[in-house]
Participant: 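Sending over a structure as structure tokens; questions will come in a sec.
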Number of protein chains: 2
Amino acid sequence: MGRAEYKQYDRFLVAVDCIIFGFDGTGLKALLIKRGFEPEIGKWSLMGGFARLEESIDEAAQRILLTLTGLEEIYMEQLHCFGEVARDPGGQVISVAYFALIKIDESDKEKLDSHQAKWFDLKKMPSLVFDHKDMVRLAKERLQQKVANHPIGFELLPNKFTMQQLQALYEAVYETSFDKRNFTRKILSLGVLQKLPEKEKTSSKKGAFYYVFDKKKYKKLESRGLSFL
Amino acid sequence: MGRAEYKQYDRFLVAVDCIIFGFDGTGLKALLIKRGFEPEIGKWSLMGGFARLEESIDEAAQRILLTLTGLEEIYMEQLHCFGEVARDPGGQVISVAYFALIKIDESDKEKLDSHQAKWFDLKKMPSLVFDHKDMVRLAKERLQQKVANHPIGFELLPNKFTMQQLQALYEAVYETSFDKRNFTRKILSLGVLQKLPEKEKTSSKKGAFYYVFDKKKYKKLESRGLSFL
DNA sequence: CTTAATAAGTGTCAATATAACATTTATATT
DNA sequence: AATATAAATGTTATATTGACACTTATTAAG
């Protein structure tokens, strides 16, 4: 069969929805918008949009993230394709969900405002349209799995961060607490952090040393498979 | 916007492709078919088909697996949505890939024949249509990740299996070899296998005890998170 | 300048998990 | 009775994990 033969098959609208994670120092956050059109106008929703024939689905996801946040070259990963029949009452729509990790203060405030976007703590999420709650739950699980073996937590932190910020992030992701000494030992033993001579002085009198993630060192060790927990 | 508003957006053909894994005692295998229609007719391909508006994508995947193998209630998991623009020269088609684990001898031989289906060792795969090679590669990676923490390897073995069969399976999945004593100790320590009084006698004079996977025991321990490696 | 307050930084020990390694056992065949 | 075959099993050294508390650097207050 050629192009002609495919004509007989059904065609779907393909939406892309983005679970955008951020970290504010205390809790893991997701960026939600107030849905601006029917159905379910006015309810909280993930940022999404429809894919276009002339772009790949990955490109659609990037476009949608850019539209909301003004950000490009962001860590983003496909999560899952949601394809229940009546998941969107507005039409026969399948949705490919992506999750992104951004630094919360780097997004474009005006763009966020124009979409009535707001950060919500994952533990205090409002009710969401359609199956977006399932998407967020799955994204959180995937994030937990991924963070355990890949150095993506750093995407949520400033380039320079203290050991306590890093620990707070991991504690937020796993909703648990770690022993400070064991955590520091474990993370430093991986050999992918570089300690800066500089200190963060606002949160204590003594000051805490900054660290940066060293991508080159990581690339060398990556094949051996590091465990970040 | 209501149903009318969605009209303005592009619609896609949605294919579903299945990476069907099997294990024959030595190597990890994938089930391929000879593609029976254009484009790329006559080339090796994953089993696939187009999703229909009246079914979910998961249901489409099950339907396609059933069509080829005659099997239902099979372990199957969504892998990834492949959405490059020109991935299928026959039309604008996105594909949602699934991977399934089946017992190689339980599939319907006639159905397999009617699709000119054949099992290929993952290490000796022929060239495949479109992006199916990427799909297989990703499926293999996902299988490796998944098998490490979930008891899905048993889906590829007979209900009763010997410790050596199980070890051979893990060795095939990870393309490595394990020490027999350490492997046995590790697996048994999980406490999810039940040893039968019965022995498999064809491959040795002494005979090897059969084991079965005990789903009930696993369910009790699942929340603690078992490591199968 | 001394003291107090605050968060940062650090080490040990016990328990557990892993990795490396060879011999004995059960059975069928000759 | 001897032999051949694959199955079954245990020990030790090393590495990793988890539990646990005191010292240090600095600023602010008196």
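Because only heavy atoms are used, hydrogens play no part in the values below, and waters and symmetry mates are left out as well, while side chains stay in. A note on names: the letters A, B, ... follow the listed sequences, proteins ahead of strands, and every chain is numbered from 1.
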Participant: Can you measure B:Phe183 atom CZ to D:dA6 atom P for me and round it to whole angstrom units?
Facilitator: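 Going from B:Phe183 (CZ) to D:dA6 (P), I get 19 Å.
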
Participant: Grab the CD-C1' distance between B:Gln165 and D:dA6 for me, whole Å please.
Facilitator: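 Going from CD in B:Gln165 over to C1' in D:dA6 covers 14 Å.
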
Participant: Calculate the interatomic distance between B:Arg181 atom CZ and C:dT23 atom P; express it in whole Å.
Facilitator: 10 Å

Participant: Over how many whole Å does the gap from A:Leu229 atom CG to D:dT16 atom P extend?
Facilitator: 15 Å

Participant: Select one nucleotide: of D:dT27, D:dT9, C:dA7, the one nearest the side-chain heavy atoms of A:Lys206.
Facilitator: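 Of the options given, the side chain of A:Lys206 lies nearest C:dA7.
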
Participant: Please report the shortest heavy-atom distance between A:Lys111 and A:Thr67, naming the atom on each side.
Facilitator: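 Residues A:Lys111 and A:Thr67, closest heavy atoms: CD-O, 3.3 Å.
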
Participant: Considering non-hydrogen atoms only, spot the tightest contact between B:Ile94 and B:Cys81 and give its length.
Facilitator: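 The pair with the smallest heavy-atom distance is CD1-SG, 4.0 Å.
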
Participant: Remember a base hit wins even if backbone is also touched, and classify A:Thr184 as base, sugar-phosphate or nothing at under 4.0 Å, heavy atoms.
Facilitator: nothing

Participant: Going by modelled atom types, is there a donor-acceptor pair between the base of C:dG9 and the side chain of A:Arg185 at under 3.5 Å?
Facilitator: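 Side chain to base: no pair below 3.5 Å.
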
Participant: Looking for any heavy atom pair under 4.0 Å, which part of the strands does A:Thr162 touch: base, sugar-phosphate only, or nothing?
Facilitator: nothing

Participant: Under 6.0 Å from the ring centre and within 45 degrees of the ring axis: does the NZ or CZ of A:Lys124 meet both conditions for the six-membered ring of A:Phe120?
Facilitator: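 No - A:Lys124 does not lie over the ring of A:Phe120 by the 6.0 Å and 45° rule.
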
Participant: Please tell me if A:Lys186 has a side-chain N or O lying less than 4.0 Å from either OP1 or OP2 of D:dT17.
Facilitator: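 A:Lys186 to D:dT17 OP1/OP2: side-chain N or O found under 4.0 Å.
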
Participant: Starting at the 5' end of DNA chain C and moving along, which residue's nearest nucleotide shows up first, A:Lys180 or B:Gly207?
Facilitator: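 In this pair, the answer is A:Lys180.
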
Participant: Carefully, step by step, assess B:Glu110 and B:Asp113 under the rule side-chain contact (heavy atoms from CB on, under 4.5 Å).
Facilitator: CA-CA 5 Å; B:Glu110 284 160 26; B:Asp113 286 346; 5.6 Å; no

